[in-house]
Structures are given as structure tokens and as C-alpha cells.
S.K.: 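Dumping the structure here so I can ask a few things about it.
Chain A is the first sequence line, chain B the second, and so forth, proteins listed ahead of strands; every chain is numbered from 1.
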Amino acid sequence: MTIKTNVTKKWIDQLVEKILFFMALLSASFIVMVVIVIIERGLSPFFSDNDGLGQVNLLRFLTGIVYLDGPTFASNAYGIGYLIISTLYIALLSLLIAMPISIFSALFIAKIAPKPLGNTLRTVTEILAAIPSIVYGLFGAGVILDLVYNLSLIVGVQSSAGFSVLSTVIVLAIMIIPTMTVIAEVAIRAVQKELIHGSLALGATPTQTNFKVVLASAKSGIFTAAILGVGRALGEATAVSLVAGSRRSGISFALFETTATLTSTMLQGMKETVGLDYTIRFSIGLVLMVIILLVNFILNFVKSKVGRVHV
Amino acid sequence: MSKFSFRYVIDALLQGITFLFSSISFLTLGAILVFVFNQGWSLVNIDLIRYPYESTTILGAPLEDQNEFCLCEPNITLDPEVFYSNKWGVGFSQGQDLLGQATVQLAYIHPNSPISSLTNKGIEGNEFVLLPEYLIQKISYNDRSTSLARRGVERMINELESSNSIYEIEVITKGGGIGGSIITTLWLIGLTLIIAIPIGVGAALYLNEYAKHSQFANAIRSFIETLTGVPSIIFGLLGVAIFIPLTVATTNATGGNLISGALTLSVILLPIVIRTTEESLKVVPMDYRNASLALGASRTQTTFKVVIPNALPGILAAVLLGIGRIVGESAALIFAIGSIVRDEITLTDKSTSLAVHIYSMMTDEPANIELSSTIAIIILAIVLVLNLLIKFISSKIMKGKLGGVI
């Protein structure tokens, strides 16, 4: 009798393990699915006839500065070169704003602030990091657009109701600062006590220690924060599309000009769900994925060069 | 000595900068809260759920047998801001529709009023009753020029009083409700959790209990980890390419639908669920497993009766994190479900979650910031509560007070 129950137990054990194994495999397979889908659908406009519109020219697609879509044009002339540049430009600018702010506030929260204030600030930052991007987009459309428009009046530059590079950069920076602060703060708190004590024992002031020893030792974690921040800035879609101004052609470096990113262009004119206008979104998605991978790779490379600490 | 005090100044300056920069977080949170409450608070009321999103316009004409005037006093005390016409027995007040626009609202109607019930000109021979929640768009007369709602309530009531014969009244039922989007959001939360939690917990169990350090587990772990770096709009494309065709083939859906949206969200949630669950599985002491196995329990029994109950707080945290993600997700859902606001929710048709409802209204011309802010208040409240709950649970996990059976 006991032997029989043991056999059933073993059988059940094996079955359960198989089921759990299948679930793990299924979870892992989704990234493969994403990659296959994006590559397969994203490349098809360049090889198929696109229902009579003709193949999309890959070179012109990647370098073009005019994006023609919609029933008015019904062509295969999509150029996203200007979108690639704008996307990178906007992500870079927002990183430049967000980087110092998030590093210094992380330092303040972790090392300088009195404990109650530090804890409050940490909670505030965590809540900000959890606010969905659409709310940031709404805030951008309701507040930042007005601010930027008024600023453009003061400066005396033309601005299309505030839809501009500057608004997009501000909204993205506001969005990624909390995320980056949370990660940088964890890295700063993880710095070994011995290093800090050593620095203090050598006669450095607490502030000198914080800036020269703590930040230097947390470099690797701070880079991780930057990588995540840039990833979020590059991939953000809805918030950007509410403040960018959906530019259709031409690179815009000037702060008060309208702009567009890869993601905001993907979100435009979602009425049709068939045809080349729709499939081309997969191609833009493919380009976006490649850009994110490249940027991650470069930043990781820099991190491995700079992140090593010599104290 | 002078060098020392110079150092002191620099230190104070640097500390001041860190303080200034960190106060930016406070300011942003404050600014966002002030903005959404300022814009949206006035629309927070039960009408948001009671009324549909689409408002309908009804053209009504007086019934043929109603020729007498009311000439009656109201049988209740009216608010001082209600303008009353005792000839027709109706009182109007300055109202605001759910989109925040100023309108004329029917505030009171006397039971004997000649226009208490009207003929619906849209549907032949149909009568309808004027209800005090309707908004009056315009009233046209047989003996004078039309009065329009946008010219103000006082003028409308004076013109009504001076006329002896009404030709037709155009009323609109109140719209701008978000009940449909709330239902969709609830459906999405339910469906997504039902799909993602079992798979995610199962995968985490396999990775942590069955194949902890195997090369295969590490490969799977890094595959799942890569999913977190994928922007949500790409998951939307996955939904379009795989889940929409799947649901179209198996149900009577024709395009994006709630089920394909839930499936897409499940993929987004999986890495979060797996990671959070694995963290909580790791803190279950090894002794518990050994003790259970030594007492003769099978591996399955140990996993489901000892390990899972002790990891429950972590799984709960995964659920809460998941709900937060579902409520806030917009880009993926715009692709996987669509951005058309609906009142009647069916699983196999398009509809919007609260976040997509905001997107849909903000991309409309003109953008509706007031109602969007009202929805944002709801989303922010959910996010805040979830955040505090997660903090509470994780502090419990940290202190080792697991709500397990042992």
C-alpha cells in the first residue's frame, strides 16, 4: 500500500515539475516572440510589394527627413532619419538634465538629510516613480506647454502653442528623475562603511567624503540608473506624443521648434489597422529596439571602463 | 585657518545644492497634485459613473393636446440661483456638463407644466419625460427667435416667459461618464492577474525550487530579465501581431479587444511577478523545506503547502505591483485594444482603460483637460494606496514577520 502511494507521489511530483518547467519556458519564450515578430513584420515592407505601393527603400527609410503617411499620400516614402536623430537628441538632453538632479538628490536622501526628512523624500521619490507616464503627459500638456509657450513669448521666439523640443525634454526629465534617484540612492547606500570611515579618518570633511569617495564608489550603480533612465526616455510614447507636436519633416535642434520621436510617430493615426501605414510601425519599432540595444551597449561599455573604482 | 573656513563655505554650498536638487522631487509631486486637483476635482462626483460617455441629443416638441399654460408656483422651495418661469412651470439653472463646459440645466419642472412630457421628434410618436438632469441646448418658438443655451440662463428664461408657443426643445442627456472605462480597467486587472500570476508564480517556483543554480535556469532568468527593458509600445506591437489574430480566430472579435489587451498586459507583468515572487521564495528558510521533506511530505506537498504559504506576502506584493502597472499602462493598450471610448463593455470588442481614456481625450480636438485630470486623480489615488500597501508588506517581509502557516 505504501509503495503504491509513493509511486503516485513520485508521478505527481514529476508532473508538477513538468508543468512548472513549462511555465518558466513560456515566460522566457515571450522575449523570443517579441524579437521574431518585430524583425519579421518590421522587415517585410522592405521586401514585399506592399499591395502595389512598391518596396520601401531601406536607405531612404533610415536617412529620409520626411514622413509621409495617411490616405493623402498613400506612398512608400517613409523617412525616419530625422526621427532617429530627434529621439536620440531628446533622450540625451533629458539625461543631461536628469543626471545631476537625480545623483545629488540621491546623495542628499542617503547621506546628508536628517533621517525623517530622508525617509519622507524617499517615499515621495518612490511615489513619483510609480506615477504612470500618461499622468506625466497630462501634466506636460496642461502645465509645461503653457510654461514653455510663455517662455517663448519672453524670449521672442515663435512656438507652436508650446509643443516643442523643450517641453518634451522637460516632461521626460521629470519622468526619469525619480526612477534614476531611486536606483542611485540604493547604490549610494551600498557603499562600504570602511571607505567612508577611512576618508573621514584621513581628515576629509563629511561633504568631501560624500562627493569624492561615496559618489566615486557608487559610479557603477549610478551608471545603471542612467541606462534605465535613457531606456525609459527612448521608449516613452504617450507622454511624449502629448507634448512633442508631431513634426512630419526636418530635424529640429532648436528648443522651441516642434518635434517628434520614433514612439510618438508610431502612435499617430491609429485609425487603420491594415496596410503599409500600419506595418511600417513595426519597422519603426525595429529601429527603436536596435537603437535601445546600441545605446545600452555603449553605456554598458562606458560603465565597464569608468565604473571600476580605484580608491 | 583661513583655508579651513573656505572649505567650510564650499561644503555648505555643496550640501545646499544637494538639498535644492532633492527638493525638486517635492516640487514636482506638489505641482502634479495641485494641477490635477485644481483642474479635475470639481468633476469628481457620482455622476461620473452614473452617466454614459456618449451624450445623446433629443429633439422634443410639445404634445398636441397641451395648449394651456401652467401659471403655477413651484411646490418646493427653489435654490436662489434657479430661474423660474411660472408661465411654463420650469426652472433653469446655470449648470456644468461633465466635460466642464457651462450649460443650462433643467433644475425643476412642475408636474402640471405643459412641457413636462414631449414628443420625441427623432422617433415617431414616442413621448419622453423631461428629467431635471437634462441639459437644455436650445428652445425655438413659433412666435419669436430661438433662445440658445450659450447666451446664458437668465436670457433663456426671459425669452421663454415672453413666448406663447414653443416649437421645439433640444435637450442633451448628460455625457462624459467614465463608467465604461472603469469596468474595462477592472476586467483588465482581473483577466491579466488570472493569466499572469499562475504562470509567473509557477515560473518563479521552477527557477527557485527545482532548478536553482542550473545553467538552464540562469538562461531563462536572463531571457525574462531582458523583457523588462523592452518599451511598452513594443509589447503593443506584439499584441497586434500575435494576440489580436489569436483572439480574432478563437472568438467573435474583429479587431483589438479586451482579451488581447489582457494577454498583452500579462506579458508585460510576467517579469515583475517572477522577480518579486523569486525574491520572496528566497527568504523562505531552507530548514522549512528540509523539515517538511524529512517528515515524509513529497516535493509537491512541500512546495505548495510549505513554501507557497510562506511566500504569500511576496506574491501579494507582486499582485499589487501588477495592478499598478495595469492601471497605468497606456501605449501597449492603445495598440492591443484601441483608443475608442465605449459605454457598453464586451470582452470581444474595443474599449479603453482609464489611462487610455485620458490619452483618447487628450488627443481629441479640443483636448479635455478637466475630465482627464479627474481620471488622473483616480489613477493617482490607486497608485498611492498600492504604493503604501507594498511598502507595508515589504517592511513586514524585511522584519521576518511572514504571514505564513508555520
Side-chain angles (χ1 to χ4, degrees), chain A residues 9 12-13 16-17 19-21 23-28 30-31 33-34 37-38 41 100-101 104-105 107-109 112 121 124-128 130-135 137-139 141-143 174 177-178 181 205 207 211 231 234-235 237-238 242 263 266-267 270 273 281-282 285 288-289, chain B residues 7 11 14-15 17-19 21-22 24-26 28-29 31-32 35 39 199-200 202-203 205-207 210 220 223-224 226-227 229-234 237-238 241-242 255 267 270 274 298-300 324 327-331 334 339 355 358-359 362 367 369 372-373 376 379-380 383-384 387:
Chain A
K9 267 184 186 174
I12 290 175
D13 274 3
V16 167
E17 182 171 352
I19 293 174
L20 295 180
F21 168 77
M23 286 174 168
L25 200 65
L26 182 70
S27 310
F30 283 117
I31 186 70
M33 259 189 238
V34 169
V37 160
I38 300 293
R41 292 268 194 122
I101 295 179
F104 285 177
S105 22
L107 190 63
F108 184 78
I109 293 170
I112 298 172
L121 271 174
V124 166
T125 320
E126 278 168 8
I127 291 173
L128 278 172
I131 291 180
S133 58
I134 186 77
V135 177
L138 174 66
F139 178 68
V143 176
I174 290 178
I177 284 171
T181 309
T205 63
T207 313
F211 277 84
L234 287 172
T238 37
L242 292 182
T263 47
M266 280 164 82
L267 272 183
M270 291 282 299
T273 48
R281 292 173 212 277
F282 285 86
L288 178 70
M289 289 288 277
Chain B
R7 181 73 248 162
D11 280 8
L14 286 175
Q15 288 202 6
I17 292 176
T18 60
F19 173 70
F21 279 7
S22 60
I24 288 178
S25 310
F26 258 135
T28 6
L29 187 62
I32 291 174
F35 166 71
Q39 296 280 340
I199 297 180
L205 279 176
Y206 180 80
L207 292 178
Y210 291 85
I220 283 196
F223 268 54
I224 295 168
T226 318
L227 269 182
V230 177
S232 62
I233 195 166
I234 302 288
L237 293 180
L238 179 76
I242 292 183
V267 180
L270 272 178
I274 292 173
S298 72
R299 214 166 172 192
T300 312
V327 169
E329 186 52 59
S330 48
I334 293 170
S339 55
I358 295 184
Y359 175 81
M362 289 306 289
I369 291 186
S372 302
S373 302
I379 293 181
L380 284 178
V383 166
L384 195 71
N387 222 288

S.K.: Using non-hydrogen atoms only, which part of A:V135 is less than 4.5 Å away from chain B: side chain, backbone, both, or neither?
M.R.: side chain

S.K.: List the steps, then state whether side chain to side chain contact (heavy atoms under 4.5 Å, CB included) holds for B:Q15 with A:F108.
M.R.: CA-CA 8 Å; B:Q15 288 202 6; A:F108 184 78; over 6 Å; no

S.K.: Identify which of A:A24, A:G285, A:P132 forms the greatest number of heavy-atom pairs closer than 4.5 Å to chain B.
M.R.: A:A24

S.K.: Does any backbone or side-chain atom of B:L237 lie under 4.5 Å from a heavy atom of chain A? Answer side chain, backbone, both or neither.
M.R.: both

S.K.: A:I31 versus chain B, heavy atoms under 4.5 Å apart: side chain, backbone, both or neither?
M.R.: both

S.K.: So which of B:L207, B:L205, B:I224, B:I233 has the biggest tally of heavy-atom pairs under 4.5 Å with chain A?
M.R.: B:I233

S.K.: Which one wins on heavy-atom pair count under 4.5 Å against chain B: A:P100, A:A237, A:P178, A:A28?
M.R.: A:A28

S.K.: Specify which of A:G231, A:A141, A:A130 makes the most heavy-atom pairs with chain B at under 4.5 Å.
M.R.: A:A130

S.K.: Out of B:T226, B:I358, B:L270, B:I220, which one racks up the most heavy-atom pairs below 4.5 Å with chain A?
M.R.: B:I220

S.K.: Could you tell me which portion of A:L288 (side chain, backbone, both or neither) has an atom closer than 4.5 angstrom to a non-hydrogen atom of chain B?
M.R.: side chain

S.K.: With a 4.5 angstrom heavy-atom cut-off, is it the side chain or the backbone of A:L26 that approaches chain B, or both, or neither?
M.R.: side chain

S.K.: Against chain A, work out which of B:I234, B:V383, B:V230, B:L384 has the most heavy-atom pairs shorter than 4.5 Å and name it.
M.R.: B:I234

S.K.: Please verify the inter-ring angle class for A:F104 with B:F21; under 30° counts as parallel, over 60° as perpendicular, anything in between as tilted.
M.R.: parallel

S.K.: Verify side chain to side chain contact (heavy atoms under 4.5 Å, CB included) between A:I131 and A:F139, making sure each step is shown before the conclusion.
M.R.: CA-CA 11 Å; A:I131 291 180; A:F139 178 68; over 6 Å; no

S.K.: What residues form a side-chain hydrogen bond (donor to acceptor under 3.5 Å, both in side chains) with B:T28, not counting sequence neighbours?
M.R.: none

S.K.: Pick from B:A355, B:G229, B:G324, B:G255: which one has the most heavy-atom pairs with chain A under 4.5 Å?
M.R.: B:A355

S.K.: Taking side chain as everything from C-beta outward and backbone as N, CA, C, O, which of these in B:I32 sits under 4.5 Å from a heavy atom of chain A? Side chain, backbone, both or neither.
M.R.: both

S.K.: Is any side-chain heavy atom of A:L267 closer than 4.5 Å to a side-chain heavy atom of B:Y359?
M.R.: yes

S.K.: Can you tell which part of A:I38 gets under 4.5 Å to a heavy atom of chain B, answering side chain, backbone, both or neither?
M.R.: side chain

S.K.: Can you name the residues that form a side-chain hydrogen bond (donor to acceptor under 3.5 Å, both in side chains) with A:E17, not counting sequence neighbours?
M.R.: none

S.K.: Counting only non-hydrogen atoms closer than 4.5 Å, does B:I24 touch chain A with its backbone (N, CA, C, O), its side chain (CB onward), both, or neither?
M.R.: side chain

S.K.: Identify which part of B:L29 has an atom lying under 4.5 Å from any heavy atom of chain A, answering side chain, backbone, both or neither.
M.R.: both

S.K.: Could you go step by step and tell me if A:L121 and A:S105 meet the side chain to side chain contact (heavy atoms under 4.5 Å, CB included) rule?
M.R.: CA-CA 9 Å; A:L121 271 174; A:S105 22; over 6 Å; no

S.K.: Which region of B:N387, side chain (C-beta onward) or backbone (N, CA, C, O), has a non-hydrogen atom less than 4.5 Å from a non-hydrogen atom of chain A, or is it both or neither?
M.R.: side chain

S.K.: Among A:L138, A:V37, A:I127, which has the most heavy-atom pairs under 4.5 Å with chain B?
M.R.: A:L138

S.K.: Which atoms of B:A367 are under 4.5 Å from chain A, going by heavy atoms: the side chain, the backbone, both sets, or neither?
M.R.: neither

S.K.: Side chain, backbone, both or neither: which part of B:F19 has a heavy atom under 4.5 Å from chain A?
M.R.: both

S.K.: Please flag which part of B:L380 lies under 4.5 Å from any non-hydrogen atom of chain A: side chain, backbone, both or neither.
M.R.: side chain

S.K.: Is the number of heavy atoms from other residues, nucleotides or ligands within 6.0 Å of CZ (B:F223) greater than 12?
M.R.: no

S.K.: Side chains of B:I369 and B:M362, heavy atoms from C-beta outward: is any pair under 4.5 Å?
M.R.: yes

S.K.: Is it the case that the side chain of A:R281 and the backbone of A:M266 share a donor-acceptor pair, with hydrogens and angles ignored and the cut-off at 3.5 Å?
M.R.: yes

S.K.: Most heavy-atom pairs under 4.5 angstrom with chain A, which of B:A376, B:S372, B:A331, B:A241?
M.R.: B:A241

S.K.: Counting heavy-atom pairs under 4.5 Å with chain A, which one of B:A31, B:S298, B:G328 comes out on top?
M.R.: B:S298

